Q: 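Following this message is one structure expressed as structure tokens.
Just so you know, these numbers come straight off a predicted model, no measurement behind them.
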Amino acid sequence: MPRRLLALLLGLSVTAGCGARAAGQDTPREPAPSPRTSARAVEPAEAAQAFKLLGRLDDAWRKRDCQTVGKLTTWAENTLGGRACEATRNGRPASARKGYSDAEFFLPATAGADRWFVALARRPHPAYFLFVHEGDDWRLAAGPVPVKGEPREPAGGAMPAEDPDAGVGARLAPQRYLTYLTDPAGVSGVTFPKRDATRELFDELVRRPRKVRPDRLTSDVRLLVGPQRALPLPGGGALVIHALEIEHRQRAGPGRSSLSHPIYGKDELRGFTGKSRAAGLTGTEIVLVVTEVTGDTKVSTVAARRSLAAITTG
């Protein structure tokens, strides 16, 4: 049986910036000087204060206060805090919230109104966070994104998007993920290291249709448009934060009134739809990714988190 090709959908929107590192137990050092620093550059104390919103966000999730979750988040986390938060009110178990601390802050020296920074929390285990200033306050755009292996720490200095090496590689990194995951035949030449989380995701997407027979399953992979960011790494290369969206469509086999092997459990299905069985479902998952792009444009996954955003039936 030939492998089914996954559909290739959307485009790419990556903003690469320049940055400086600040470190300490939730107390950052002053960022390295940068020729691009402006009056609106993120200050260390401001980043430390913004990081504290994680505590308010954890409280909102525990209380199933979806309105507050929406106010404190944007981009990927806002998508995951929408229907996914409402589903917890219908019996879906809420994700365990962990008090992250011992944070380092990586502060881009960007001009204009685009203000953001990346945090690397060391406890209880290393994870990245992306914060974006939106409206009149800071919001969490992505995180936690748990690190697999050793975390990478960005360095000071500029990394323009038009840089012929690292800048271009960072800008194209999300597209390389999309190409790899939608190319079961491997004709594109895009590869990832052994035991990379993206290779594991690829293997699952290829195998899963066979595992749910007689149900029929198709999957689309696309880039999640939004504030994808990049920071330079010591010795060249970049650290890129971006996201993928996976849509699964599962339908019961011929002559069947309900799915034989639903890809989501009863708690998930009931939480999102109010039903425990269905003849068909569509599930949307968000995969947050932190990627290392080397000076020779090789890519590998440093951190990843996969979360269910929505399920519909029919």
Side-chain angles (χ1 to χ4, degrees), residues 8-21 34-38 41-42 74-76 106-120 128-134 141-143 145 151-183 188-193 196-198 201-202 221-246 286-305:
L8 177 61
L9 294 183
L10 295 188
L12 172 66
S13 173
V14 176
T15 303
C18 53
R21 171 180 169 234
S34 168
R36 294 193 172 200
T37 300
S38 74
V42 181
T74 187
W75 190 46
F106 306 100
L107 312 176
T110 56
D114 184 22
R115 308 184 72 230
W116 57 278
F117 70 92
V118 172
L120 170 59
Y128 291 99
F129 298 81
L130 170 64
F131 292 84
V132 175
H133 196 274
E134 195 173 89
V145 189
R152 310 296 190 272
E153 297 185 7
M159 192 197 67
E162 65 273 12
D163 185 288
D165 297 316
V168 174
R171 180 165 52 83
L172 296 179
Q175 183 64 51
R176 296 184 70 180
Y177 276 75
L178 185 61
T179 299
Y180 177 79
L181 292 171
T182 57
D183 178 30
S188 69
V190 177
T191 61
F192 283 81
D196 191 283
T198 303
L201 175 58
F202 172 85
V221 183
R222 49 185 174 254
L223 300 178
L224 184 66
V225 177
Q228 298 148 14
R229 307 296 192 209
L231 289 169
L233 288 170
L239 194 72
V240 185
I241 298 179
H242 57 103
L244 302 163
E245 185 177 68
I246 304 175
I286 304 296
V287 184
L288 295 170
V289 186
V290 179
T291 298
E292 178 181 9
V293 182
T294 63
D296 56 1
T297 69
K298 293 181 180 179
V299 295
S300 61
T301 306
V302 175
R305 174 175 136 228

Q: Quick one about Tyr177 and Thr301 (side-chain donor to acceptor, distance below 3.5 Å, no hydrogens or angles considered), yes or no?
A: yes

Q: Atom CG in Leu288, atom CZ in Arg305: separation rounded to 0.5 Å?
A: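 The CZ atom of Arg305 is 5.5 Å from CG of Leu288, to the nearest 0.5 Å.
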
Q: Looking only at non-hydrogen atoms, find the nearest pair between Ala119 and Phe131 and report the distance.
A: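 It is CB-CE1, 4.1 Å.
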
Q: Report the distance from atom CZ of Phe129 to atom CG of Leu120, rounding to the nearest 0.5 Å.
A: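 Spacing of CZ (Phe129) from CG (Leu120) equals 9.0 Å.
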
Q: Report yes if some heavy atom in the side chain of Glu292 is under 4.5 Å from a heavy atom in the side chain of Val299; otherwise report no.
A: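 The answer is no; the side chains never approach within 4.5 Å.
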
Q: Give the minimum heavy-atom separation between Val132 and Ala141, together with the two atoms involved.
A: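 The pair with the smallest heavy-atom distance is CG2-CB, 3.8 Å.
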
Q: Could you give me the CA-CA distance, side-chain angles and deciding distance for Gln175 and Leu223, then say whether side-chain contact (heavy atoms from CB on, under 4.5 Å) is met?
A: CA-CA 8 Å; Gln175 183 64 51; Leu223 300 178; 4.1 Å; yes

Q: With distance as the sole criterion, is a donor-acceptor pair present between the side chains of Thr179 and Ser188 under 3.5 Å?
A: no

Q: Working to the nearest 0.5 angstrom, can you tell me the gap between Leu181 CG and Arg222 CZ?
A: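 Atom-to-atom, Leu181:CG and Arg222:CZ are 13.5 Å apart.
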
Q: Return yes if some donor-acceptor pair links the side-chain N/O of Trp116 with the main-chain N/O of Leu107 below 3.5 Å, else return no.
A: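 Checked: no pair found.
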
Q: Would Phe106 and Phe117 count as a close aromatic pair, with their ring centres under 6.0 Å?
A: no

Q: Test side-chain contact (heavy atoms from CB on, under 4.5 Å) on Val145 and Val289 and set out the steps.
A: CA-CA 7 Å; Val145 189; Val289 186; over 6 Å; no

Q: Any chance you could measure Thr297, atom OG1, to Arg176, atom CZ, to the nearest 0.5 Å?
A: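 So the OG1 of Thr297 and the CZ of Arg176 are separated by 5.0 Å.
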
Q: Within the side chain of Arg229, is there an N or O that forms a donor-acceptor pair under 3.5 Å with the backbone of Val240?
A: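 Checking the backbone N and O of Val240 against the side chain of Arg229, no donor-acceptor pair under 3.5 Å is found.
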
Q: Minimum heavy-atom separation for Val190 to Tyr180, with atom names?
A: O-CD1, 3.3 Å

Q: Check whether the side chains of Ser300 and Asp196 place a donor and an acceptor atom closer than 3.5 Å, and report yes or no.
A: no

Q: So, taking the atom named CG in Leu244 and the one named OG1 in Thr198, what distance separates them when rounded to the nearest 0.5 Å?
A: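 With rounding to 0.5 Å, CG (Leu244) is 7.5 Å from OG1 (Thr198).
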
Q: Please tell me if the side chains of Leu201 and Ile246 come closer than 4.5 Å, counting only heavy atoms from C-beta onward.
A: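 They are in contact (side-chain heavy atoms under 4.5 Å apart), so the answer is yes.
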
Q: With rounding to the nearest 0.5 angstrom, report the CG to CG distance, Leu231 to Leu239.
A: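 Taking CG in Leu231 and CG in Leu239, the distance rounds to 6.5 Å.
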
